[in-house]
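Data first, discussion second: the structure below is written as structure tokens.
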Amino acid sequence: MRRNDLLERMEEIGRAVAEYDGTLMLLALGSIGLETDRLDEYSDLDFFLIVEDGQKGRFIDNLDWLEVAPFAYQFQNTKDGHKVMYADGIYAEFAVFDLPEMPSIAYTPGRIVWQRDEALEAFATPKIVTPATDVSHCYEEALTNLYVGLLRERRGERLAGFELIQVSAVNNVFKAHGEMSDPFNPTRRVEVQHPEMIAFLERAVLGYGRSVEAAAYILAYIEERHPVNATLKREIDRLLRT
């Protein structure tokens, strides 16, 4: 999908919501928000619709405000919003929040596409921010991911082991490296913004059935950067050799 198509669709939605009573702001997020320099043929629409107190249900239950072009697909994936695809292939994920909810919602700063009142501009920047990374905490989480993942693996639960070792532990190692490009998903844009992690990935994410080999490498990687409790290391090593 072309950059201009996505930007224009976002503007069309903004013009549409302005016509409805109860709407307050349309806030674009991610690459359609403040990071439009990242827009490419693989981008989609991600946004919040902020409405008056008591109006949320109307805009979740009836998507007439979003039908600026024909829908080909839609489903409500959370209590707050839907995922939709237009017939021309433009894909969108959105959530609807009423004004009292906004102070408790965690999100990255967004771009105001439309607003009913300038006093609402404060909601473009969240008051709740993701906490600073605690490197020690992240590595300890990764180590326990390895241990429990190996328990699952040795029990024969290979898929559960894979998820803990090659997904959860890897994510925690990413977090230990500090600020990632997406605070809600540390795997996003790793290859572009953190190319130094590619060599780690090539040995830490080996696929289904190879979690023991991956765990051994991740453990060694962590040991080079963080002190590992002797008892925990002994038990992980025991599971690696079983």
Side-chain angles (χ1 to χ4, degrees), residues 1 3 5-39 42-86 89-133 171 175 179-189:
M1 191 53 56
R3 168 192 174 93
D5 295 332
L6 295 169
L7 290 169
E8 177 55 28
R9 183 60 48 82
M10 199 74 253
E11 293 301 319
E12 290 172 350
I13 297 169
R15 290 192 290 270
V17 300
E19 300 299 319
Y20 286 82
D21 291 337
T23 55
L24 296 175
M25 177 183 283
L26 185 67
L27 188 65
L29 305 169
S31 61
I32 198 68
L34 294 178
E35 303 171 45
T36 53
D37 58 309
R38 291 199 292 106
L39 275 177
Y42 306 108
S43 297
D44 54 29
L45 305 182
D46 187 6
F47 59 90
F48 287 170
L49 176 64
I50 304 172
V51 299
E52 293 176 356
D53 190 14
Q55 294 295 311
K56 177 173 179 170
R58 181 263 180 266
F59 290 96
I60 289 177
D61 296 340
N62 186 345
L63 301 186
D64 53 352
W65 57 275
L66 193 57
E67 292 185 83
V68 297
F71 286 159
Y73 168 82
Q74 71 83 25
F75 86 103
Q76 184 173 347
N77 65 309
T78 71
K79 66 180 180 62
D80 299 313
H82 294 245
K83 296 181 178 182
V84 304
M85 181 174 284
Y86 291 97
I90 290 180
Y91 176 77
E93 298 185 8
F94 70 89
V96 179
F97 297 109
D98 60 31
L99 201 56
E101 290 182 288
M102 289 306 294
S104 64
I105 303 298
Y107 56 99
T108 56
R111 174 175 65 88
I112 298 171
V113 178
W114 169 83
Q115 61 182 331
R116 194 166 296 282
D117 191 305
E118 290 183 0
L120 299 167
E121 288 182 2
F123 290 109
T125 303
K127 293 182 179 178
I128 295 180
V129 296
T130 53
T133 299
N171 279 342
K175 291 176 185 177
E179 184 65 30
M180 305 304 285
S181 57
D182 186 333
F184 300 102
N185 182 352
T187 66
R188 292 295 310 276
R189 299 179 290 281

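On a predicted model such as this, the values are computed, not experimentally measured, just so you know.
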Please list, chain by chain and in numerical order, all residues satisfying side-chain hydrogen bond (donor to acceptor under 3.5 Å, both in side chains) with E11, sequence neighbours excluded.
none
With E12 via salt bridge (Lys or Arg N to Asp or Glu O under 4.0 Å) - residues at least two apart
R9
Can you tell if the side chain of M102 reaches within under 4.5 Å of the side chain of I50, non-hydrogen atoms only?
yes
Might you work through the side chain to side chain contact (heavy atoms under 4.5 Å, CB included) test for L24 and D117, ending with a clear yes or no?
CA-CA 7 Å; L24 296 175; D117 191 305; over 6 Å; no
Residue list, salt bridge (Lys or Arg N to Asp or Glu O under 4.0 Å) with R116, at least two apart or on another chain
none
Which atoms form the tightest heavy-atom contact between V113 and A28, and what is the distance?
CG2-CB, 3.7 Å
Can you tell me how far the CE atom of M25 sits from the CG atom of L49, to the nearest 0.5 Å?
10.5 Å
Going by the rule side-chain hydrogen bond (donor to acceptor under 3.5 Å, both in side chains), which residues pair with Y20 if we only count those two or more places apart in sequence or in a different chain?
none
Contact list for residues 61-70, test side-chain hydrogen bond (donor to acceptor under 3.5 Å, both in side chains), sequence neighbours left out
R58-D64
Distance from F47 atom CZ to L26 atom CG, nearest 0.5 Å?
6.0 Å
Side chains of L99 and D53: closer than 4.5 Å at any heavy-atom pair?
no
Point-to-point distance, once rounded to the nearest 0.5 Å, from CG of D5 to OG of S43
12.0 Å
Could you tell me the separation between the OG atom of S31 and the CG atom of D46, rounded to the nearest 0.5 Å?
8.0 Å
Contact check, side chains of T108 and E35, non-hydrogen atoms, under 4.5 Å:
no
Please enumerate all residues that pass side-chain hydrogen bond (donor to acceptor under 3.5 Å, both in side chains) together with Q115, with sequence neighbours excluded.
E121
Quick check: closest heavy atoms across L6 and I90, and the distance to 0.1 Å?
CD2-CG2, 4.1 Å
Do side-chain atoms of T23 reach the backbone of V17 as a donor and acceptor pair under 3.5 angstrom?
yes
Is there a donor-acceptor pair closer than 3.5 Å between any side-chain N or O of H82 and the backbone N or O of I60?
yes
Can you list everything that forms a ring-ring contact (aromatic ring centres under 6.0 Å, His included) with F71? Sequence neighbours excluded, please.
Y86
Could you tell me whether the side chain of I13 reaches within less than 4.5 Å of the side chain of L66, counting heavy atoms only?
yes
Kindly indicate whether the side chain of I32, heavy atoms from C-beta on, has any atom under 4.5 Å from the side chain of R111.
yes
Less than 4.5 Å apart, side chain to side chain, heavy atoms only: is that true for Y91 and K83?
yes
Hits for side-chain hydrogen bond (donor to acceptor under 3.5 Å, both in side chains) against D80, two or more places apart or cross-chain, chain-then-number order -> K56
Given side chains that start at C-beta, do those of V84 and F75 come closer than 4.5 Å, heavy atoms only?
no
Over 12 foreign heavy atoms within 6.0 Å of CG, D21
no
Please identify each residue that fulfils ring-ring contact (aromatic ring centres under 6.0 Å, His included) with F48, with sequence neighbours left out.
F97, Y107
Look only at the side chain of Q55 and the backbone of E52, and say whether a donor-acceptor pair between them is shorter than 3.5 Å.
no
Side chains of W114 and R15, heavy atoms from C-beta outward: is any pair under 4.5 Å?
no
The criterion is side-chain contact (heavy atoms from CB on, under 4.5 Å); which residues satisfy it with A16, sequence neighbours excluded?
V68
